[in-house]
Amino acid sequence: PLSSGTDEQQGIPASAFFRELSNTSVPLCVPFVIVGGGTAAWSALEVIYEKNPSAQVLVVTEEPYAPYNRTPLSKEMWSIPTVSVPNQWPNARAELEYKYHLPGQPETYRASILMNVSVTQLYPKENKIKLSNGMEVFYQKLLLATGGKPNVSELINNSSIDPSIHDSIITFRSISDFERLHNSFINPKYRNITILGGGFLGSELACSLQTRLNQEHERNKQVTLLCPEAGVLGKFLPRYLSDYITKQMRQHNVDVRPGVSVFDIVPTTSTDSSDETRIQLQLFGWKDKEHITDQVVIAVGITPRQELAEEAGLEMDPVAGGIRVNAAMQVEGNIYAAGDVASFWDRALGRRRVEHWDHAVVTGRIAGENMSGGHATYEWESMFWCDLVGLNISFEATGMIDASLRTIGVWNLKNTFRRGEFSDQDLNEGVVWYLRGNQVVGALLWNREGKGLDVARQVIGTKFQISSVQDLTNLIPVQDE
Ligand code: FAD
Ligand code: NAD
């Protein structure tokens, strides 16, 4: 399979792997240019160097870091004790850092990197990009691994927010965002942190933050999660699982308010003697019409960063969004795209776009392989995982995971099926199959540490059609413990 399988404990850290360029030392022409500082960029780079250790690669990222892994930002980064000491949290950065694993001397395969620089324009006919520092670079092969930008609703449009609370309303995607949120989190003046959105980011962050508060016996701080759905992760999970998570999060002390939308955010003054400025959220759909907080984290999805390709006239996906690539991750000619930004052709499931880590690895590697002259195509259905720290809930999934699809759950009830009502004990471990018509298009493995993923991939890859729900009973057996 085209997955990286790297051992995070060894290898050369990404920061040592790159040769940082100054604005004045940018080469005019480079064989491989990669735009982006995330997982897809890193994965493509790994393959390019596996194929040719003396390859010349330029990575351009607008972030002040070498490509890194975002996934610990909503999980592990909150549980590392050193992060509670300001200025010491960079010790924990190893959690985020990719490592390179080629044998031999690192000097022979150092890539060049431009940090704090963005690519502002793409000229496909001239094989050229323009950079924010005004320089231009010609490429032979180009990878667009630009990921996604956090959404902010009209309401939170920067210009409409009162300047006194502006800095306390953030999105969360990068190391810099982590630093900002962490500063608020450890500030005793911030008594409530409110997360807007009940998707993967909102649910993981709420659990991780609350777990820290529980561990530190901190009773003066509260984490609130507001989401428009009837329950947490309600956009992705069947209702009974979403209800179960919502209940578990409440038992964990997270103040979860489902079915809520926010229609205004204004400054307010603290009612106690401190007279401090706080933030008032005006709510629809909840018994309290107002909610007072000190920090708002907006986690309401992302929009693919396709603007470079779009302005250059390349093909977009009007349905799923993103840059349209074929199964080889090729946009056209010598331009490739991978990761969150790519709308790709999945042989089993058709055209789609996926916003998860393993997908960025798989597609980044395919792109890197093909940029190096290979012939890889997307055949290995990627997976994702979600960890709700402190709840003892984690799940892995592959294929299409969407609550609007029909689902069939197999739980540890001596392999009988139940639809609808479950007791909490029933939900220790199970498999949820997602169906489009009668075709199995997705599988979610609940508290199974990934056991059954290969079978699920096979079932999805062969476009398995069920004739009755019993067809799914023993595909991935769920043991009665
Ligand atoms: P990104 O990682 O977003 O990288 C894109 C990069 O391109 C960024 O560095 C950006 O600044 C840069 N860029 C964009 N435009 C330009 C430009 N014009 N010029 C220069 N640079 C540019 N997935 C899971 O499967 N499991 C998880 O547990 C999980 N946890 C997550 C936790 C968090 C907090 C977040 C934010 C995401 C998580 N994900 C998880 C999702 C996963 O991290 C993403 O799917 C993955 O990062 C996508 O990689 P990418 O390379 O496509 O994009
Ligand atoms: P998401 O797509 O997972 O969830 C979006 C959520 O935003 C919805 O479920 C809904 O609750 C909320 N929402 C949408 N419109 C809203 C509105 N107008 N007002 C209030 N709420 C609204 O996106 P996310 O949770 O923001 O995560 C960001 C990105 O990071 C996604 O690509 C996600 O896949 C990725 N991520 C993945 C993982 C994981 O795979 N374990 C973890 C964290 C983040």
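Just follow the structure's listing: the first ligand is 1, and inside any ligand the first atom is 1.
- What sits closest to atom 10 (C) of ligand 2 on the protein, heavy atoms only, is Glu229 OE2, 3.0 Å.
- Comparing heavy-atom distances from atom 22 (C) of ligand 2 across Val300, Asp358, Asp340, Leu233 singles out Val300 as nearest.
- Ranking protein heavy atoms by distance to atom 37 (C) of ligand 2, first place goes to Phe200 CB, 3.6 Å.
- The number of heavy-atom neighbours closer than 6.0 Å to OH of Tyr123, taken from other residues, nucleotides and ligands shown, is above 12.
- Of the protein's non-hydrogen atoms, Ser153 CB, 4.7 Å is the one closest to atom 18 (N) of ligand 2.
- Ligand 1 lies less than 4.0 angstrom from a heavy atom belonging to Lys75.
- Each of the atoms 20 (C), 21 (N) of ligand 1 lies under 4.0 Å from some heavy atom of Val60.
- The Cys386 neighbourhood of ligand 2 comprises atoms 41 (N), with distances under 4.0 Å to a heavy atom of that residue.
- Ion pairing between a basic and an acidic side chain is recognised when a charged N comes within 4.0 Å of a carboxylate O; Arg173 and Asp340 show such pairing.
- Asp340 OD1, 2.8 Å is the protein heavy atom nearest to atom 45 (O) of ligand 1.
- Of the protein's heavy atoms, Ile302 CG2, 3.9 Å lies nearest to atom 28 (C) of ligand 2.
- In this structure, Arg70 forms no cation-pi arrangement with Trp357, as its terminal cationic atom is not both closer than 6.0 Å to the ring centre and no more than 45° off the ring axis.
- The protein heavy-atom contact nearest to atom 39 (C) of ligand 2 is Trp385 O, 3.6 Å.
- Aromatic ring orientation, Phe17 versus Tyr49: perpendicular (interplanar angle above 60°, classes split at 30° and 60°).
- Atom 30 (O) of ligand 2 has as its closest protein heavy atom Arg173 NH1, 3.8 Å.
- Counting only distance, with no hydrogens or angles, the side chain of Arg250 and the backbone of Val256 share a donor-acceptor pair below 3.5 Å.
- Contacts with ligand 2 closer than 4.0 Å are made by side-chain heavy atoms of Lys235 only, the backbone lying farther away.
- Short contacts between ligand 1 and Val117, defined as distances under 4.0 Å to a heavy atom of the residue, involve ligand atoms 20 (C).
- In summary, the side chains of Asn151 and Thr303 do present a donor paired with an acceptor at a separation below 3.5 Å, with no hydrogens or angles considered.
- Annotation: atom 23 (O) of ligand 2 to nearest protein heavy atom, Gly301 CA, 3.2 Å.
- With ligand atoms numbered from 1 in the order given, ligand 1 contributes 27 (C), 28 (O), 29 (C), 30 (N), 31 (C), 32 (C), 40 (C) to contacts under 4.0 Å with heavy atoms of Thr71.
- Ion pairing of Glu46 with Arg365 is present here, as a side-chain N (NZ or NE/NH1/NH2) and a carboxylate O approach within less than 4.0 Å.
- Under a 4.0 angstrom heavy-atom cut-off, Phe178 registers as lying outside contact with ligand 1.
- Among protein heavy atoms, the minimum distance from atom 4 (O) of ligand 2 is reached at Gly199 CA, 3.3 Å.
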